Amino acid sequence: MSAEKEIEEETNGDPAVGLTPLENMLRKAEIVEFMLTTVKKLKVDYGFRSIQMANAPWDYYKWDLETRAKFLGAPSAECLTKTMIMVNY
């Protein structure tokens, strides 16, 4: 088993494991800044009128679709969509 795989199993995939509280806060601040910038761009540049986001736990994608729908307040799992925003650097 690779060292990377062992670490992933030990931490259960949680990106905050091993970070100090300050490092984790800075990681979250960078994420929030990126999200706000992206939302502004979507509204201003692309004319989106409504955007809804949720702060999901790190293991969200391990949940079944029905649980995700309930967490997000969606009427059913069929209403869920996944959007990926990619930025080229």
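Computed from a predicted model, the values in this text were never measured in an experiment.
Panel note: side chain Arg68, backbone Ala77; no donor-acceptor pair is recorded below 3.5 Å. Judged by distance alone, with hydrogens and angles left aside, the side-chain atoms of Asp64 form a donor-acceptor pair with the main-chain N or O of Thr67 at under 3.5 Å.
Put simply, CE on Met35 and CD on Glu30 are 14.5 Å apart, with the number rounded to the nearest 0.5 Å.
Residue Ala54 comes nearest to Leu72 through the heavy atom pair CB-CD2, 3.5 Å, listed as atom of the first residue, atom of the second, then distance. Annotation for Lys43 and Arg49: closest pair CE-O, 4.4 Å, computed over non-hydrogen atoms. Nearest approach of Glu23 to Leu19, heavy atoms of both residues: OE1-CA, 3.4 Å.
Val44 and Val39 fall into different hydrophobic clusters, defined by Ile, Leu, Val, Met, Phe, Trp and Tyr side-chain heavy atoms under 4.5 Å apart, directly or through other members. Ile31 and Leu26 are not part of a single hydrophobic cluster, where members link through side-chain heavy atoms under 4.5 Å apart. Under the 4.5 Å side-chain contact rule for hydrophobic residues, Phe34 and Val32 do not share a cluster. Residues Leu42 and Leu36 fall into different hydrophobic clusters, defined by Ile, Leu, Val, Met, Phe, Trp and Tyr side chains chained together at heavy-atom separations under 4.5 Å.
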